[in-house]
Each structure stands twice: as C-alpha cells, then as structure tokens.
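Please read the structure below before turning to the comments.
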Protein chains: 2
Amino acid sequence: MGITDITTTLKALSDPIRRDILNLLKKKNLTAGEIALLFPISKPSLSHHFTVLKNANLIGSERKGQKIYYSLNATVFYELLNDVLETFGEKNEN
Amino acid sequence: MGITDITTTLKALSDPIRRDILNLLKKKNLTAGEIALLFPISKPSLSHHFTVLKNANLIGSERKGQKIYYSLNATVFYELLNDVLETFGEKNEN
DNA sequence: TTATCATTTAGATAGTTGGCTAAATATCTA
DNA sequence: TAGATATTTAGCCAACTATCTAAATGATAA
C-alpha cells in the first residue's frame, strides 16, 4: 500500500489509451464493457490495459454481478506527482 | 517549442536510468563520459538514452571541444506536471 | 441445466526497447 | 597528417508490449 514503484506508474501512464481510460474514470466508474464501447480496440486488448493500470494501482475494480466496475485511484497520482516533484523540484537536494 | 507530447515525455521518464541521469544533471551539467562513469552500461547504450531524453526535450546538449555537455531542461518537467495536473487534478472538467 | 452476457486468459504475432560490439565521426594535439 | 580521445551511429539480438482471435471463466436468467 502506497509503495507503488514510480517506474511502474510512469510506464502505465505513458500510453495514451490508458490515460484516456483514467480520464473517463475520473468522472464516473465504468464497466469494462462501457469502456470498450469508447475505444477502437478489442475487449481483450482493453482488458490487458486494465491489468497494467491495476498493477500500477491507478485503478481499482469491483465485480457487481456479471459486470466489473473500474474506478480511479487518485491517490497514486498524487504520490506520483509528489515523487516527481521531490525528485526534480527546484529545492530538492537529495 | 513547448509542444513536447506527453506520451514521449512519460516514456522517456519511465526508465530508471534515464531518471537517474536527469537527477545528476539537476546538480551540474555533465559530459557523456562523466555520466558513463556512473552507470554500469556501455557508452553506446547511454548514448541511446541521451537521444531519448533529447527527443523528449528533457535535456539539451552543447559540444565544447571533444566533449558534449548535457544539461537538464527543467521547463519540460513543469509542462508535464501541468499537463498531468490538468488532466487528473480534482477541479478539471475537460 | 442450458443459454446468454460480461470479462478475462491463452496463445500467436508484429513492432518497440534496451542492451551489446564494432565501426564511424568529430575534435584536439603533436 | 597521424594518433588519441570523446561520443555517436550501425547492426544485431533478446526481452517486452500491444494487438488480435479463440477459448475459458463467472454470473444471471430461462
């Protein structure tokens, strides 16, 4: 918890489709199927992206009946921003 | 100028060696050779990383005689932070 | 239990990445 | 010009990534 490695996070974020997914989830939790309607790639490919985002702790998932709802985990963003700021911010002396 | 695409920047940042290079450059401009002394990979491999960082506008380079000095381009960090904040920050409504 | 719907897992493949060695380029000095 | 130094480019390869289709899993409904 909270120990999401920055490389994993940045790799997850460095794909436009995954950033788009996160953006959608910012507004509203969505099922895999709802998300799939909005992208021009296959459901299995999207499922792979969900896995990457989950491994980076950027999203969470909860099954409700047949559907799985995905939600944004905003915390990890702020951890990332903190890390990047700490690492590259002006006042940092390591 | 200023139109560094966020995917390129994040991809460049998502490698620990490249982040280490940026960290070193935060303190002091360094030549390719000086940087090479600090990493356990070959000079050509490092040169490849310099290219990635340059393409992402994260570093600049200036030849002085035989040596090439690399320097951090802090601007792109703040552009990135802005972009990420704009995209994922709480108040954003896209 | 059979069918159906939602999603993931498995397996294949094309493209990208990051490493290497060897060769090329650029600069300085003798 | 020749030799030495600094760095990059070229070419190769193994590992990883993103995509696909087909098959498997999980859950609901008839």
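Below, read A as the first sequence line, B as the second, and so on, with proteins coming before strands; counting in each chain starts at 1.
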Hydrophobic cluster membership, B:L58 vs B:V52, 4.5 Å side-chain cutoff: no
Spacing of A:N55 atom CG relative to D:dC16 atom P, expressed in whole Å: 15 Å
Within residues 40-48 of chain B: residues closer than 4.0 Å to DNA chain C (heavy atoms): B:I41, B:S42, B:P44, B:S45, B:H48
Nearest-0.5 Å distance that lies between atom CG in A:N29 and atom NZ in A:K67: 13.5 Å
Approximate separation, where rounding is to 0.5 Å, of B:T75 OG1 and B:L80 CG: 12.5 Å
Euclidean distance, atom CG of residue B:L30 to atom P of D:dA6 [Å, nearest integer]: 15 Å
Shared hydrophobic cluster for B:L24 and B:I41 (ILVMFWY, side-chain gaps under 4.5 Å): yes
Nearest-Å distance for atom pair NZ/C1', residues B:K11 and C:dT16: 8 Å
Full working for side-chain hydrogen bond (donor to acceptor under 3.5 Å, both in side chains) between B:T7 and A:R19: CA-CA 9 Å; B:T7 297; A:R19 290 198 306 277; 2.7 Å; yes
Gap between atoms CG and P, on B:D15 and D:dA15 respectively (whole Å): 18 Å
Interatomic spacing from CD in A:E34 to NZ in A:K28 - rounded to 0.5 Å: 5.5 Å
Interatomic distance, B:L10 CG vs C:dT17 P [rounded to whole Å]: 14 Å
N/O (side chain, A:H49) to phosphate O (OP1/OP2, D:dT19) under 4.0 Å: yes
B:F39 CZ - C:dC20 C1' separation (whole Å): 18 Å
Base of C:dC28 paired with side chain of B:Q66 (donor-acceptor, under 3.5 Å): no
Pairwise distance CG(A:L38) to CD1(A:I17) - rounded to 0.5 angstrom: 11.5 Å
Separation of D:dA27 P from A:E62 CD (nearest whole Å): 13 Å
Which nucleotide in C:dG19, D:dA27, C:dT7 has an atom nearest any side-chain atom of A:R63: D:dA27
Spacing between B:F50 atom CZ and C:dG18 atom P, to the nearest angstrom: 14 Å
Phosphate contact (C:dT8 OP1 or OP2) by A:Y70 side-chain N/O below 4.0 Å: yes
